[in-house]
Structures are given as structure tokens and as C-alpha cells.
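The basis for the numbers below is simple: all heavy atoms, side chains too, and nothing from hydrogens, waters or symmetry mates. Order of the sequence lines fixes the chain letters, A, B, ..., with proteins taken first and strands second; residue numbering starts at 1 for each chain.
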Amino acid sequence: MTAPWHSAALALGDDALVLSHRLGEWAGRAPVLEEEVALANIALDLLGQARILLSLVGDEDELAYLRDERSFRNLHLVEQPGGDFAHTIARQLYFSTYQRFLYERLASSDSEFTALAAKAVKEVAYHQDHAEHWTLRLGDGTAESHERMRRACEALWTFTAEMFQPVEGLDAVDFPALEERWLDSVASVLERATLTVPDGPRSRAWTAGAGRQGLHTEPFGRMLAEMQHLHRSHPGASW
Amino acid sequence: MVTGTRTGTGTGTGRREDAAPTALEAELRRVAGRVPDPELPVLTLEELGVLRAVHVSEAGRVQVELTPTYTGCPAIGTMSSDIERALHEHGVPEVTVVTVLAPAWSTDDISAEGRRKLAESGIAPPRPRGTDGAVPLTLSIRCPHCGSAGTELLSRFSSTACKALRRCTACGEPFDHFKEL
């Protein structure tokens, strides 16, 4: 595990795996059945990405189920608990916009990630579309939905700078340009949703880039315990 | 997660791409192509456009190249074992099914016959994508039951990731729409 692109495969694979698990937590709890199915389908797309990315590095099951917290390279944004539905939508807006622009870039450059990015970017475009429509609906909805969407966008804002820290092995990506594009896109959606761009910091001293180094926030350990418990307790279990 | 397939991560598995298929390869492709899709059994894998190639090596080993519709498509394992079974029954002793990602599958790969069968089974077929444009398309989607162009979106994701759920405002029936990808 020494090639630089291994680090990148882990970073992108862990983002997809962890967010997939967080979205899967909505199964049985979403506001309406259609939305539960939508979130599960988005989770499935992300799981497909994770399987391919992690398989580039090693055995997908071992990497997903037998690594400890410090070995995961995902962003803090994706490991945060789902919160209310507005929090989940705010995260989807932030992350799917980032992932779409990142994969567009990777699809047009020649690397180990080209084929996956070219395929996944078409799916991610639907994730972004889904997040945008819900942001508009909640932001420009009732006083209650507006307030919840505002709170969610502000709460997760502090995790958004980390997405644009350069990732080892993704030299083709101009992260400052990606960040500028992301800010423009998110600001335009928030504006149409009658929301304002949060004015708080987009990182904290101890969080920026920490996820990519294996330093995670407290809820992540509990999530991993649940995600890995079955495989660790019953190695090789299948059904 | 054991599917009996290997995942090609790029263009590496497409050996002998320039060589025209032999008569045997064409025959085996017809056999593999007749396998029904596990989730949309009205369509064959050939009509769905996911069967990329069948190669026969000099030693007589058969390799089938399959591409997933969606990256996380859970049906790919079933497709692979169904292809293996069909070819075994056709007298091929050794079959390997590999998954290839590039070029990415598109709904434009569904054949005209496949689209007709989708509509006939109550699923509005995908509209042509043409260029790599953004997702939202505004062309109307017709109700597969009554043919009305007045339909509305209920959910962007339906029973599978590849479909959206819509409702006809004329006849009131809900229906799946195969989303453009």
C-alpha cells in the first residue's frame, strides 16, 4: 500500500462507504416511503463506488469491516450523524456537489479513477438533483421547514473546508478551483431556496484535513461499532 | 459480496478488441444475450445493452464481458451466474464473467426492441440522452398505460435506482420511468 493513488482510493472509497452507511440508517425512519427508497438508492450507488475503490487497494470486506477508526480516511462531513431530515439533505447538497465536480475532473484525466468517475458522475448528478430539489422545497417551504433547513446548513458548514484539502494521489485535481466552483453552486441553490450562505467558519483548527489523516469525530466510533459488529462477531457470515 | 466475478477497473480487460468475433463467439454471444435481466425479466441482457463481448481463447476458455447499469447494481452477481449457467447448458465447460466499467453504460444502449418491451410492461422507457448534458430533461414522459403526456414526478428514485416513480394526471395510474443515465 505505497502508491500515492492508494491513499486517494482509500479517501474516496471511505467517503462513499461511510456516507452510504449513514444514509442507510434512514431505512425504516424516513418521512415518507418514497424518500426512504430514494435515500436507500443513493446509498446503494455510493456503496457500489466504495466497493470498486476499496477493491483497488485490497480486500473490500477486510477494509470495510476490519479496519479500526484511525485507519479510515473519510471526511468528517460524511461521518456526522444523520440529524433530522434537513441535516441529511444539507449534507447531501454539500457532498454531492463536491463529488460531482470532483468526479467530472477525474473522468476527464487519465488515472486509476477515470473509468469509475466517468460512470459514477452520471449517478451523482441525480444525487445532486435530489438534494437541490429538497433544499428548495424545505428552504422555500413553511416557516418550520425553512428554520430547520437554515439550522442544518449552518451546522454542517464547519465541515465543508475539509473537502478541498489536497488529497495525496489526486494531483490532477485543482482543489482551489474546485472549491470556488462548489461555493458558487451551493450559494446559488441556497439563494433560490430563500436561505443565506452561512457566515460561520468552514473549518475549525482541529478539524480541517483531520479525517484524511485518520483523526475522526466522536460519533464515528459508534457508527463503526454498529457497521462492523456483525462481521467481527461472525467472520465470513453470509446469507 | 462473493459474486464470482472480477471487476475490471478500466480498459485493461478488453483484449482482442479489434478482432472480429468468430462464428463460435457470435453463437455464444447469442446464447448469453438471451439471458433475461433478473430485475426486468421482460428484457434480455442483449436488449439491455450490458453484454459487451464474448471471447473464446485458443485453449477454448470462454470469457464474457459484462457492464453494470449502475455502479452499485446488486443484480450483477445474478446476471453473471445466469450467464454461466446458460453457457454451461450450451456445452461450454469453463466460463469466466468479468465486469468492465469503461465505457460507462448509458440508457442509450437499450435497444429499440428493449424500449418497446419496457413500455409494453408498463415502464416508461428512457428518453434519448444524446450528449453528456446535465440531468434534468424537460421532454414529456408519456404514460405507458394510456399514452397521455400529462404525467408528474412522485419520486426521483423508485423500486430500483434506475427508475423514477411518476403518476399520470389523465388516468391516475402510477408508473415507473426508466431514468436517463
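- Although no hydrogens or angles enter the test, the distance criterion places no donor-acceptor pair under 3.5 Å between the side chain of Gln49(A) and the main chain of Thr71(B).
- In Arg167(B), the CZ atom is not crowded: 12 or fewer heavy atoms of neighbouring residues, nucleotides or ligands sit closer than 6.0 Å.
- With hydrogens and angles disregarded, a donor-acceptor distance shorter than 3.5 Å links the side chain of Lys122(A) to the backbone of Trp105(B).
- Note on Leu39(A), Val32(A), Asp45(A): by heavy-atom pairs under 4.5 Å with chain B, the leading option is Asp45(A).
- Counting non-hydrogen atoms of neighbouring residues, nucleotides and ligands closer than 6.0 angstrom, the CG atom of Asp184(A) exceeds 12 such neighbours.
- Between the side chains of Ser155(B) and Glu35(A), no donor-acceptor pair of N or O atoms lies under 3.5 Å.
- Shown here is Arg232(A), whose CZ atom has more than 12 heavy atoms of other residues, nucleotides or ligands within 6.0 Å.
- Neither the backbone nor the side chain of Thr107(B) comes within contact range of chain A; no heavy atoms are under 4.5 Å apart.
- Between the side chain of Lys119(A) and the backbone N or O of Pro68(B), at least one donor-acceptor pair lies under 3.5 Å.
- The number of heavy-atom neighbours closer than 6.0 Å to CD of Glu191(A), taken from other residues, nucleotides and ligands shown, is 12 or below.
- Side-chain contact between Leu44(A) and Pro74(B) is present, with heavy atoms from C-beta onward closer than 4.5 Å.
- Proximity to chain A is limited to the side chain of Leu165(B), based on heavy atoms less than 4.5 angstrom apart.
- At least one side-chain heavy atom of Glu180(B) sits under 4.5 Å from a side-chain heavy atom of Tyr126(A).
- Judged purely by atom type and a 3.5 angstrom limit, Asn41(A) uses its side chain to pair as donor or acceptor with the backbone of Ser158(B).
- Annotation: Arg52(B), atom CZ; neighbour count of heavy atoms from other residues, nucleotides and ligands within 6.0 Å is above 12.
- For Pro103(B), no part lies near chain A; criterion is any non-hydrogen pair under 4.5 Å.
- Contact annotation for Thr67(B): neither backbone nor side-chain heavy atoms come within less than 4.5 Å of a heavy atom of chain A.
- Put simply, CD1 on Ile42(A) and CZ on Phe157(B) are 4.0 Å apart, with the number rounded to the nearest 0.5 Å.
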Does the pair Arg156(B) and Glu34(A) meet the rule for a side chain to side chain contact (heavy atoms under 4.5 Å, CB included), with working shown?
CA-CA 9 Å; Arg156(B) 282 173 179 75; Glu34(A) 288 80 1; over 6 Å; no
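- The number of heavy atoms from other shown groups lying within 6.0 Å of CD (Glu226(A)) does not exceed 12.
- Annotation: Glu27(B), atom CD; neighbour count of heavy atoms from other residues, nucleotides and ligands within 6.0 Å is above 12.
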